[in-house]
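Structure record follows, encoded as structure tokens.
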There are 2 protein chains.
Amino acid sequence: MTGAGEHGTRERILAVAETFLGDFGYHGTRLHQIAQQVGIQKASLFHYFASKADLYHAVIEEGFGETEQTVRRVLEAPTAPLVKACALVEAYVDMVAAHPARTKIFLRQSFGDAPAGFERALDLQRLLSLVVGFIADGQAARAFAPVDPLALVLSIIGMVAFFFTSAPVVVPGFAEPGSASVARIKQHAVTVVQRCLTDGEPPKLAAAEAAA
Amino acid sequence: MTGAGEHGTRERILAVAETFLGDFGYHGTRLHQIAQQVGIQKASLFHYFASKADLYHAVIEEGFGETEQTVRRVLEAPTAPLVKACALVEAYVDMVAAHPARTKIFLRQSFGDAPAGFERALDLQRLLSLVVGFIADGQAARAFAPVDPLALVLSIIGMVAFFFTSAPVVVPGFAEPGSASVARIKQHAVTVVQRCLTDGEPPKLAAAEAAA
DNA sequence: GTCTATATAGGGATAGAC
DNA sequence: GTCTATCCCTATATAGAC
């Protein structure tokens, strides 16, 4: 798009930047490290991106775009509610497992990092609403048990993200990329969703113990 | 220990530093901001802490100590397995809700931030093993359903942390400190654990916990 | 489009008076 | 124990040749 003789240097910069931004955060990432890893000089970065913040935003945009695409694709498939819910979880696990650095960046962004600006928060809310709406619709149609929809969706997002970003530090080798851990995690996440959505009998008795 | 006329400046520094380290991370936190918030000069910080890294470690140590204490206290209580599991979740939710900044710091630390050093990772593993062991023991005694113990514990840790650190950004006012959101989140987390540990069976604990 | 300088600023840390 | 003043280093960003 930008020209004819493009080797993809810009893309390589984005990829390298993603790993560093994930591991060290925006303020902890040094441009000279990125340049060194890519194999160019630090000053050359400014030919592709106006500033460090600009590079950061580009990484965020790319990541968010792919995430949104994946979620929408699964959501629009013509499958049964519970099947779609499980497919959503599996696709999300695959995505996070494939891009742990990106996930770290998203989490850091939500913590308050970032060089200001960044108005994609609204898009994020719309995407979340889409998923929550899907759950709520399923409950209205009696396909799902009456669990707090928003809390459930946030639970899955948070737990899966935690598996691939924080857990490996506490439990070495837990979410290793190629190992069987991915299958294990996927299995667990699906199990949790199923148990939360298919209770069968509405547990109204749960109110009794809320006294504690 | 240090003297008689101590007003607690050190403690105030630690408290202020915790909020900044949580919101901006280690590299994003500026010492002059901390000093300004405390009401002293930047250079005065070095009277209490040898370096920025030293201050960071002090914050981490304090946070980890309180966390460990809380978990052990609940774990050593003489209560039934399922009651104890729920109590553990509730105590954890209260703790994270009371210290969101500390939670952010822990998460950032696990991402790879931090000024190196910090060998408390081993203690963290032991604490985690304690909780996982409690679940596994309960399963061996047929008190819990056969769910992946490690995955379950990590799930709760990740989901609750996400609720109070990331979710508020995506869903404004979700985990507001004083609001009813804390009760809502606690209810949800307990529900998830119950459904994962009781395999659909109605919990037979309703009476026991009211006494507490 | 990539390079070699270099400008500019900001932040951690120290020295030493009070 | 707190201050003012300052050192020193590093990191972003720019200028301009090739």
Side-chain angles (χ1 to χ4, degrees), chain A residues 1-60 105 108-109 112-118, chain B residues 1-60 105 108-109 112-118:
Chain A
M1 283 315 199
T2 56
E6 187 65 54
H7 294 74
T9 307
R10 185 189 156 95
E11 283 66 29
R12 290 179 53 212
I13 295 173
L14 283 171
V16 172
E18 189 177 89
T19 67
F20 277 106
L21 289 171
D23 285 341
F24 303 107
Y26 178 78
H27 296 284
T29 295
R30 309 299 167 189
L31 292 184
H32 77 88
Q33 290 180 319
I34 296 177
Q36 187 178 20
Q37 187 82 4
V38 174
I40 60 178
Q41 285 300 312
K42 183 179 57 177
S44 301
L45 293 173
F46 291 91
H47 177 74
Y48 297 93
F49 302 95
S51 66
K52 184 183 181 183
D54 188 48
L55 170 58
Y56 175 77
H57 286 137
V59 171
I60 289 269
I105 295 173
R108 288 192 134 106
Q109 167 76 26
D113 224 286
F118 183 57
Chain B
M1 287 309 220
T2 56
E6 187 65 54
H7 294 74
T9 306
R10 186 188 155 95
E11 282 67 29
R12 290 179 52 213
I13 295 174
L14 282 171
V16 172
E18 188 176 270
T19 67
F20 277 106
L21 290 171
D23 285 340
F24 303 108
Y26 178 78
H27 297 285
T29 295
R30 309 301 168 189
L31 291 184
H32 77 87
Q33 290 179 319
I34 296 177
Q36 187 177 20
Q37 187 81 6
V38 174
I40 60 177
Q41 284 300 313
K42 183 177 61 172
S44 300
L45 293 173
F46 291 90
H47 177 73
Y48 297 94
F49 303 95
S51 66
K52 185 183 181 182
D54 188 48
L55 170 57
Y56 175 76
H57 286 137
V59 171
I60 289 270
I105 296 173
R108 287 192 135 105
Q109 167 76 26
D113 224 286
F118 183 58

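Residue numbers begin at 1 in each chain, while the letters A, B, ... track the order of the sequences.
Scanning all heavy atoms of the two residues, the minimum distance from B:L31 to B:L55 falls at CD2-CD2, 4.4 Å. Closest approach of B:T19 and B:V16 over heavy atoms only: OG1-O, 2.7 Å.
As a whole-Å value, the separation of A:H32 NE2 from D:dA13 P is 14 Å. If you measure from atom CZ of B:F24 to atom P of C:dG11, you get 12 Å, rounded to the nearest angstrom. The distance from atom CZ of B:R30 to atom C1' of C:dA13 is 15 Å, rounded to the nearest whole Å. Summarising the geometry, the separation between CD on B:Q41 and P on C:dC18 is reported as 17 Å, rounded to the nearest angstrom. Summarising the geometry, the separation between NE2 on B:H27 and C1' on C:dG10 is reported as 16 Å, rounded to the nearest angstrom. Between B:I34 atom CD1 and C:dG11 atom P there is a gap of 12 Å when expressed in whole angstrom units. Rounded to whole Å, the distance from CD1 on B:I13 to C1' on D:dG1 is 11 Å. Regarding B:K42, its NZ atom lies at a distance of 8 Å from the C1' atom of C:dA13, rounded to whole Å.
When only modelled atom types and interatomic distance are considered, A:Q109 and A:Y56 share a side-chain donor-acceptor pair under 3.5 Å.
At least one donor-acceptor pair under 3.5 Å links the side chain of B:R108 to the backbone N or O of B:G22. With B:K42 contributing its side chain and B:Q36 its backbone, the two residues share no donor-acceptor pair below 3.5 Å. Counting only distance, with no hydrogens or angles, the side chain of B:T29 and the backbone of B:F20 share a donor-acceptor pair below 3.5 Å.
Remark: A:S44 is in phosphate contact with C:dC3, judged by side-chain N or O atoms under 4.0 Å from OP1 or OP2. Note on A:H47: every side-chain N or O is 4.0 Å or more away from OP1 and OP2 of C:dT2.
For B:K52 and C:dG11, a side-chain-to-base donor-acceptor distance below 3.5 Å is absent, hydrogens and geometry of angles not being considered.
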Tell me, with the steps shown, if A:I40 and A:I13 meet side chain to side chain contact (heavy atoms under 4.5 Å, CB included). CA-CA 10 Å; A:I40 60 178; A:I13 295 173; 4.1 Å; yes

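Distance from the side chain of B:A43 is smallest for C:dA15 among the nucleotides C:dG12, D:dT2, C:dA15.
The end-to-end axis angle of the helix from C:dG1-D:dC18 to C:dC18-D:dG1, rounded to 10 degrees and based on five pairs per end, is 0°.
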